Amino acid sequence: MEESAQSTSEEQQRYNPAEIEPKWQARWDADPALYAAEGHDCGKPKFYCLEMLPYPSGQLHMGHVRNYAIGDALARFMWMRGSNVLHPMGWDSFGLPAENAALKNNTPPAEWTLANIAAMRRQMRRMGLSYDWATEVTTCLPEYYRWNQWFFLKMFNAGLAYRKKSKVNWCPQCQTVLANEQVVDGRCWRHDDTPVEQRDLTQWFLRITKYADELLSGLDKMDGWPEKVRTMQRNWIGRSEGALVDFAVAASQQAAEKITVFTTRVDTIFGATSVQLAPEHAVAKSFAAGNPRLAAQIDEMLAQQKDAREAGDLSAIEKHGVDTGKFAVNPFNGELVPIWVANYILADYGTGAIMSVPAHDERDFEFANKYGLPVRRVIVPNGQKQNTEILGFAQNDGASEGTLPYTAEDDSSLADSGQWTGQPCVEAQQKMAAFARENGFGTATVTYRLKDWGVSRQRYWGTPIPMVYCANGHAGIEPGGVVPLPESALPVLLPAQVEITQQGGSPLGRVAEFVNTACPVCGGPARRETDTMDTFVDSSWYFYRYTDAKNAAAPFDSAKANYWFPIDQYIGGVEHAILHLIYSRFWTRVMRDLGLINNDEPAARLFTQGMVIKDGAKMSKSKGNVVSPDLMIERYGADATRMYALFAAPPDRDLEWQEDGVAGISRFLGRVYRLTTKYSEPASRRVSETTAQATQCAAEAKLLRTLHQTIAKITDDFSGRWHFNTCIAAIMILVNEIAAAEPLMEEGKISGPAIAEVFRTLTLLLAPFAPFLAAELWEQLGGQGAVFRVAWPVADAELAREAEIEIPVQVNGKLANVVTLPAGSDEATIQAAAQTDAKVAARIAAKTVVKVIVVPGKLVNIVVR
RNA sequence: GCCCGGAUGGCGAAACUGGCAGACGCAGCGGACUUAAAAUCCGCAGACCCGCAAGGGUUGUGGGAGUUCAAGUCUCCCUCCGGGCACCA
């Protein structure tokens, strides 16, 4: 009996997250105002803290835990600093996995998705994340996706959404089209074992290229974004300045037949020794029409390209080409050059045709070597003689040794180039483009790698595209033509009972009640568009919806969006650098041009956290190294799990998950709990300040010094470096010092107010990292209200200052001893102390002091000989 | 091939502007408490060598050179690992 009574009372002293965490979770759940954002008139500075919304797979993984632990710490810190914080969460809940699950389990996608959301919301609450659930956004619900449709209509009317037939990426696994951004190394971004096929389909596109220049130049100003992400976006946009030049086809029956080439080096045009066409090029096709041999060779090239693309490595195929036997006229010098078709010319970049200048381009050089095409040098470094020779066959030795291809354009000039000979390259590029324009055979131009965003998906679980095809046609619309629905017809609801099968074609096409409708203009029969939108549409603007999530009349109220935007801190994985993060920048500009918002960019600052790794590899089911957050929470509690995710590595680096480390954090939290609860009522327990004596005051001063240094360090880190791992280490140091001072507290030799300040502040410092424990301790300390609304402690520089400082003394760069001196001692004092130190003196005895370096506050180095 | 990161004890890491390398934690070892164990608390700890010990010496931040009184940190060259881009004319 006695034993159990004792163990019960000890039990109460023990840190038991399984008890305190659910208790606080229930209290927080019952208090929706706790994490609610306030209005624009609350008088506080706003802070929009956002983590990327997850796909509701049904299971939180460690990457989520890390992402949300970072965001949550920041949100709580900002609240404590007196900001009005918006910290929302939502669900990127359209997409293929729901259809796959439907196939597998015979569960409707909606049901499966909503159940997953419920499960993940429960996990997030269990983690104690400070989301304002009143602003929750679920993209698969009509309340949300109707605004996708609304935007789509706006874009259609603005000419930003259009249909065209083109070659598109098709994933046979997903049974749908993919955007360029969703093709990774020739594979589907979701199925890295599935080669993407090319199909000709008529699809809806969004005109992101209209904003290409702005998306590019905007990056220069985005210094709150990682340089890495900005670079990736720059490369993806791939702006390139050059010129279009028309080469007439010589002796063409069709007099107007010409080949327009794109080049960034029009200054090299006198060195062009052939014109190269992509196998898909229209002129190549027209030549092939009368030349079966050529036609066969072109077909072979196309087949080979397809194979290579499916193998995932386009650059692996060897360059080869075929001479068409035709010639083109170089408009600058009237020369005839042969026209070839070559497999390395991309049909969808530039014009699908180039002028080949072997002397000044790596690829052209390689190609010319292979086929013995002439190499003519027309660019030389400044100062070199400007007469050159036609080399005839390319050479790798002799006269051209190591000099070709010569690709530099800076500090280089033209040679053998008619009236432009001797001019610097860069200057000549402009003048020659202007010349072409004046003479009607070319112009300066800019091309982009970025293509318009193909958004049609032949899938069920997505936003229906709000368009119909009027069967009979009417004024201005031919039969079968596209008619946009009026806004009043929105939302176009996704039909609930749809059989999901693996056959091709849009599943919606098999739902007669959905497909068959009336034309909104003429009332005649019409069929609905049966493709749905890419799910990246959903995530392109969801963060605006958070500012006004319940609005039934508009996607959001502009005043609210303008108050909260831009996002002050966006946190997520780098894998979205050129998908979500470029689409949402585009969407923001579209909304701005529609007059809905004032900002150009969605997020002022972006943080990309590192991956969570186990046994040296990214966690994945196939590797069998997945660690379940649920299991960690069950064993060690949410506080310990989250805090470990912040402690194990700086947030931008990869993190190796070690369960023993979580146990260590749990132990640490237990220590905090034990100490704090023991001293939670100092006034009633002991303490009279008058007992303090000088030496004990020193111990107290030391404790307070560490306390204030810790405050300063953490406060500083939140505003800059975000090295939460060292913040937590600093708290551990503080706690170690408190534990060391415990005997003095026991004896009442540390004052009551000091003890109270130490534990009160410790609790506040822990609040962003271990919210459950902080809430519990705050209550036990008698704190009023939610700990997350208590003002963040302010470091007192006076209390934080070190009275004495240890200065290492080196002799010839090697440590001889450490001397202790009052802080702020001047150079002379330090040097004197250093040189008179016994150990130091012993080392410099019998030597000559050459030089003494004194760095006040840092060290002394005595150079002897 | 090009562009970013990164490499520090047995492990995760720290050292922010050049100034005591390894803070903090994990694992380990020793001790206290306990009949015992768990939990907890205290202590030790880069490696090598000398010493019974206190202590002392050498060496050490992927490799090599350099700048400097002083280099994990700066410069040059190289190796390996991770990520991105890759026939873009």
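In the text below, chain A, chain B and the rest are named by the order of the sequence lines, each starting its count at 1. These numbers come from a predicted model, not from an experiment.
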- Message: Given A:Arg265, which partner from the list A:Asp267, A:Thr268, A:Thr263 fulfils the side-chain hydrogen bond (donor to acceptor under 3.5 Å, both in side chains) test?
- Response: A:Asp267

Is it the case that more than 12 heavy atoms not belonging to [X] sit under 6.0 Å from its [atom1] atom?
| X | atom1 | value |
| --- | --- | --- |
| A:Lys451 | NZ | yes |
| A:Lys618 | NZ | no |
| A:Glu227 | CD | yes |
| A:Glu241 | CD | no |

Where the side chain of [X] is defined as all heavy atoms beyond and including C-beta, which of [options] is the nearest nucleotide?
| X | options | result |
| --- | --- | --- |
| A:Pro808 | B:C20, B:C85, B:A27 | B:C20 |
| A:Ile345 | B:G12, B:C85, B:A89 | B:A89 |
| A:Leu346 | B:G19, B:G56, B:A89 | B:A89 |
| A:Lys814 | B:C69, B:U58, B:G56 | B:U58 |
| A:Glu806 | B:C85, B:C20, B:C42 | B:C20 |
| A:Arg667 | B:A14, B:U40, B:G19 | B:U40 |
| A:Asn861 | B:G19, B:C20, B:G56 | B:G19 |

With a 3.5 angstrom cut-off on both distances, give the Watson-Crick or G-U wobble partner of [N], or none if there isn't one.
| N | value |
| --- | --- |
| B:G22 | none |
| B:U40 | B:A32 |
| B:U79 | B:A7 |
| B:A27 | none |
| B:A47 | B:U58 |

Phosphate-side-chain proximity, [X] and [N], N/O vs OP1/OP2 below 4.0 Å:
| X | N | result |
| --- | --- | --- |
| A:Tyr349 | B:A89 | yes |
| A:Lys851 | B:C69 | yes |
| A:Arg449 | B:A86 | yes |

- Taking the six-membered ring of A:Tyr349 as reference, does the NZ or CZ atom of A:Arg449 fall below 6.0 Å from its centre and within a 45° cone about the axis? no

Just how far, in rounded Å, is [atom2] of [N] from [atom1] of [X]?
| X | N | atom1 | atom2 | answer |
| --- | --- | --- | --- | --- |
| A:Leu646 | B:A14 | CG | P | 14 Å |
| A:Ile578 | B:A86 | CD1 | C1' | 12 Å |
| A:Lys858 | B:A70 | NZ | C1' | 13 Å |
| A:Met611 | B:G83 | CE | P | 6 Å |
| A:Asp652 | B:C16 | CG | P | 15 Å |
| A:Leu815 | B:G55 | CG | P | 15 Å |
| A:Ile613 | B:G12 | CD1 | C1' | 12 Å |
| A:Leu655 | B:A14 | CG | P | 11 Å |

- Item | Step-by-step ring-ring contact (aromatic ring centres under 6.0 Å, His included) determination, A:Tyr344 to A:Phe367 | CA-CA 10 Å; A:Tyr344 71 98; A:Phe367 191 86; 5.4 Å; yes

Let me check something: any side-chain donor-acceptor pairs from residues 663-671 of chain A under 3.5 Å, sequence neighbours excluded? List them with distances.
| from | atom 1 | to | atom 2 | distance (Å) |
| --- | --- | --- | --- | --- |
| A:Arg671 | NH2 | A:Asn736 | OD1 | 2.8 |

- Item | Donor on one side chain, acceptor on other, A:Gln304 and A:Glu300, under 3.5 Å | no

Within [range], residues whose heavy atoms come under 4.0 Å of RNA chain B:
| range | result |
| --- | --- |
| residues 730-742 of chain A | A:Met732, A:Ile733, A:Asn736 |
| residues 710-729 of chain A | A:Arg721, A:Asn725, A:Thr726, A:Ala729 |
| residues 225-241 of chain A | A:Lys228, A:Met232, A:Ser240 |

- Walking RNA chain B from its 5' end, the first of A:Arg671 and A:Gln658 to be reached, judged by nearest nucleotide, is A:Gln658

- Item | 5' priority, RNA chain B, between A:Tyr448 and A:Gln810 [closest heavy atom] | A:Gln810

- Span that lies between the C1' atom of B:C74 and that of B:A70, in whole angstrom: 13 Å

- Pairwise C1' distance, B:A65 and B:G5 [rounded to whole Å]: 25 Å

With a 4.0 Å cut-off on heavy atoms, is [X] in touch with a base, just the backbone sugar-phosphate, or nothing at all?
| X | answer |
| --- | --- |
| A:Lys451 | nothing |
| A:Phe668 | nothing |
| A:Val855 | base |
| A:Asp364 | nothing |

- Could you tell me which residues satisfy side-chain hydrogen bond (donor to acceptor under 3.5 Å, both in side chains) with A:Asp246, sequence neighbours excluded, listed by chain and number? A:Lys258, A:Thr260

- State whether A:Glu742 and A:Arg674 are salt-bridged, where the test is any N-O pair (Lys NZ or Arg NE/NH1/NH2 against Asp/Glu carboxylate O) under 4.0 Å. yes

- Message: Looking at A:Arg705 and A:Glu737, is any side-chain nitrogen of the basic one under 4.0 Å from a carboxylate oxygen of the acidic one?
- Response: no

- Stepwise salt bridge (Lys or Arg N to Asp or Glu O under 4.0 Å) test for A:Arg14 and A:Glu19: CA-CA 11 Å; A:Arg14 284 265 294 278; A:Glu19 191 184 315; over 6 Å; no

- Message: Can you tell me whether the base of B:G64 sits syn or anti, using the 90° cut around 0 to define syn?
- Response: anti

- Message: Checking A:Ala648 now: which residues fulfil side-chain contact (heavy atoms from CB on, under 4.5 Å) with it, not counting sequence neighbours?
- Response: A:Tyr644, A:Leu655

- Item | Partner of A:Phe724 by ring pair (Phe, Tyr, Trp, His ring centres under 6.0 Å), out of A:Phe718, A:Phe647, A:Phe607 | A:Phe718

